[in-house]
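Everything below concerns the one structure shown next.
Chain letters run A, B, ... following the sequence lines, proteins first, then strands; residues in each count from 1. A quick note: this is a predicted structure, and the numbers were derived from the prediction, not measured.
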Amino acid sequence: MIVGEQKTLEEIWGTVREHRKVLVLGCNSCVAVCHQGGTKQAEVLASLLRMQATQHGADIQFEVNGIERQCEHDFFKPVTDLVTGSDAVLSLACGVGVQFMAEKFHTTPVYPALNTTFLGAVEQPGYFTEKCQACGNCVLATTGGICPVARCAKRLLNGPCGGVNNGKCEINRELDCAWHLIVERLEALGRLDEYEKLFPLKDWSKDRAGGPRKFRVEGFLP
Amino acid sequence: VNLKTESKLEKILAAGHLAVTSECGPPRGSDPAVITRKGELLKNHVDAINVTDNQTSVTRLSSLAACIHLKLMGVEPVLQMVTRDRNRIALQSDILGAASFDINNILCLSGDHQVFGDCPEGQNVFDLDSMQLLQTVRHMRDNGKFICGDEIKRRPRMFVGAAANPFAEPFKIRVPRLAKKIAAGAEFIQTQCIYNLGKFEEWMQGVRDRGLHEKVYILAGITPMKSLGMARYMKKTVPGMDVPDEVIDRLAGVPKEQQAEEGIKICLETIERLKEVKGVSGFHIMAIEWEEMVPEIVERAGLFPRPEINAKQN
């Protein structure tokens with residue numbers, strides 16, 4: 001899922017303070033799971049912003065709502081009038097949702113309330129870790145199901161580097177060395193000899209390097 | 001002997017001599033005298049000088065430019081190249097640039113993470129890793145081709161090296177990792193600084209068991225401890241460094257003003273012991289902020305004078 005983290009109130013206030021009527025819009029999928037962007041968090045954020053407005057003597061009306069996903073047209077039907085009737089939208093969606101809205105409502109300013117941080121897993125409720133960087137060319141079949149692109153700080157395809165210490169990464173002793181995990185996993189699978197296979201130069205054109213990516217499902221579109 | 005390059009380092013190793021290399025860190029400024037001074041200091045006592053590439057991710061004068069300064073004064077440089085800062089276009093381009101000055105040695109590294117340096121907020125590249133850079137240089141040299149397959153006019157003729165850290169965890173892949181670097185194209189290896197001789201010898205045993213010492217020249221990394229403080233710092237802070245307590249205790253056991261000499265003694269004893277280890281082909285002496293000690297170490301270790309190699313013989 002997509003993990004996000006709310007921006008500071010200070011930064012958010014800076015983006016909305018000049019508007020009179022602001023819709024604070026939650027997104028109830030990924031970023032609600034990480035307790036940052038759902039309707040519930042939108043309510044709390046709106047209350048904080050009302051207090052901020054009062055303190056600054058600003059007359060701003062904050063309306064709250066939320067939809068299932070801000071990255072899909074169908075879900076916007078119930079809030080379209082609300083959006084067009086507002087001076088601005090403060091979106092609690094990930095960067096995808098914010099942009100999708102900005103494209104959809106051409107004359108309405110849409111501001112992000114979150115920093116979109118990574119594609120991750122729910123290790124425990126309230127604790128999320130990065131697992132994937134959507135490189136577009138999955139390597140997991142040869143790395144024991146552990147991704148060096150997302151989880152090695154140098155994204156080494158033939159790691160580990162010399163900086164590994166007791167299984168931890170040189171940049172942060174709380175971070176597991178992905179290659180240490182890969183080696184342990186290959187051993188557990190009885191495939192440690194595969195460690196010596198050289199991983200060839202990666203085709204990064206499927207990654208960000210190749211420009212914005214698109215995907216069409218064959219035969220699905222008219 | 002079938003030599004692949006004009007590298008003086010390769011010739012010395014191929015002739016069966018114990019090679020001696022050292023290193024020179026470029027300055028944080030544009031004064032070439034810093035490099036040429038270090039070159040002058042080291043040139044009669046070592047066979048080649050590594051030039052570090054923005055080591056510990058601190059921005060410095062470029063490794064390639066510093067190598068050119070050394071080359072022009074008749075010193076044999078080893079161009080260190082990290083994959084952290086450049087993509088495959090820039091790497092291949094700099095390899096050709098170095099080759100145009102007949103810089104005949106390259107050490108392929110991934111590089112320290114930028115978080116340790118002066119630009120922790122910078123982007124890293126890592127388009128290739130060190131193994132893939134090894135493959136790239138060998139492909140350019142042996143096949144005369146770019147990565148894309150296009151032909152190179154006047155191919156780079158470089159003797160290709162890599163680093164090895166025999167001490168890093170997990171130990172079980174340390175010999176396989178060397179084998180992998182050899183498969184990727186490494187012809188010489190410069191190791192991490194050796195203080196834990198027992199561990200190093202265990203690694204070398206594994207290396208010999210697989211016959212890897214016959215496929216690659218291994219230069220043992222040597223760094224003299226200047227003080228107890230340095231030893232403690234290296235043990236605690238430097239990633240991948242294995243400094244046993246005996247080294248710390250030995251330095252702690254002498255008065256402060258004798259610690260430097262004790263550090264040199266440890267270093268000389270290490271060299272003596274490693275000379276007896278089969279598969280060790282030479283020494284890479286990295287005297288950090290203490291380059292002036294290298295000639296003395298080389299002399300006292302009985303590694304002086306250096307063998308004369310006719311640059312044109314082949």
Original post:
Is the closest basic N to carboxylate O distance between B:Arg208 and B:Glu201 below 4.0 Å?
Top reply: no

Original post:
Quick check: are there more than 12 heavy atoms from other residues, nucleotides or ligands sitting under 6.0 Å from OH of B:Tyr233?
Top reply: no

Subject >> Part of B:Ile147 within contact of chain A (heavy atom distance under 4.5 Å) >> reply: side chain

Original post:
Which one of B:Ala168, B:Pro176, B:Ala179, B:Gly240 has the most heavy-atom pairs closer than 4.5 Å to chain A?
Top reply: B:Pro176

**OP:** Determine which pairs satisfy ring pair (Phe, Tyr, Trp, His ring centres under 6.0 Å) with at least one residue from residues 108-134 of chain A, sequence neighbours left out, and list them in order.
**Re:** A:His19-A:Tyr111

**OP:** With side chain to side chain contact (heavy atoms under 4.5 Å, CB included) as the test, would you mind laying out the steps for B:Phe283 and B:Ile194 before giving the verdict?
**Re:** CA-CA 11 Å; B:Phe283 298 96; B:Ile194 300 161; over 6 Å; no

Original post:
Distance from B:Leu64 atom CG to B:Leu79 atom CG, nearest 0.5 Å?
Top reply: 6.0 Å

Subject >> Segment of B:Phe116 engaging chain A (4.5 angstrom heavy-atom cut-off) >> reply: side chain

**OP:** Select all residues of residues 122-146 of chain B having any heavy atom within less than 4.5 Å of some heavy atom of chain A, and report them by number, or 'none'.
**Re:** B:Asn124, B:Val125, B:Phe126, B:Asp127, B:Leu128, B:Asp129, B:Met131, B:Gln132, B:Gln135, B:Thr136

Original post:
When heavy-atom pairs shorter than 4.5 Å are enumerated against chain A, which of B:Gln192, B:Lys181, B:Gln114, B:Arg210 gives the highest number?
Top reply: B:Arg210

Original post:
Checking side chain to side chain contact (heavy atoms under 4.5 Å, CB included) for the pair B:Arg60/B:Asn54: CA distance, chi angles, key distance, verdict?
Top reply: CA-CA 5 Å; B:Arg60 291 167 184 277; B:Asn54 296 299; 3.9 Å; yes

Original post:
Under 3.5 Å, is there a donor-acceptor pair linking the side chains of A:Glu123 and A:Thr129?
Top reply: yes

N/O donor-acceptor pairs under 3.5 Å from side chains in residues 90-105 of chain A, not counting sequence neighbours:
| from | atom 1 | to | atom 2 | distance (Å) |
| --- | --- | --- | --- | --- |
| A:Ser91 | OG | A:Gln70 | OE1 | 2.6 |
| A:Ser91 | OG | A:Ala93 | N | 3.1 |
| A:Gln99 | NE2 | A:Gly95 | O | 3.2 |
| A:Lys104 | NZ | A:His73 | ND1 | 2.9 |

**OP:** Against chain A, work out which of B:His113, B:Arg177, B:Met241 has the most heavy-atom pairs shorter than 4.5 Å and name it.
**Re:** B:Arg177

Original post:
Looking at A:Lys7 and A:Leu114, what are the two nearest heavy atoms and their distance?
Top reply: CE-O, 3.7 Å

Original post:
Would a 4.5 Å heavy-atom cut-off, applied to side chains only, mark B:Ile218 and B:Val216 as touching?
Top reply: yes

Subject >> Contacts of residues 153-180 of chain A with chain B (heavy atom under 4.5 Å) >> reply: A:Ala153, A:Lys154, A:Arg155, A:Leu156, A:Leu157, A:Asn158, A:Gly159, A:Pro160, A:Cys161, A:Gly162, A:Gly163, A:Val164, A:Asn166, A:Glu170, A:Ile171, A:Arg173, A:His180

Original post:
Would you say the side-chain atoms of A:Thr117 and A:Asn115 include a donor-acceptor pair closer than 3.5 Å?
Top reply: no

Original post:
Would one find more than 12 heavy atoms of other residues, nucleotides or ligands at under 6.0 Å from atom CZ of A:Arg213?
Top reply: yes

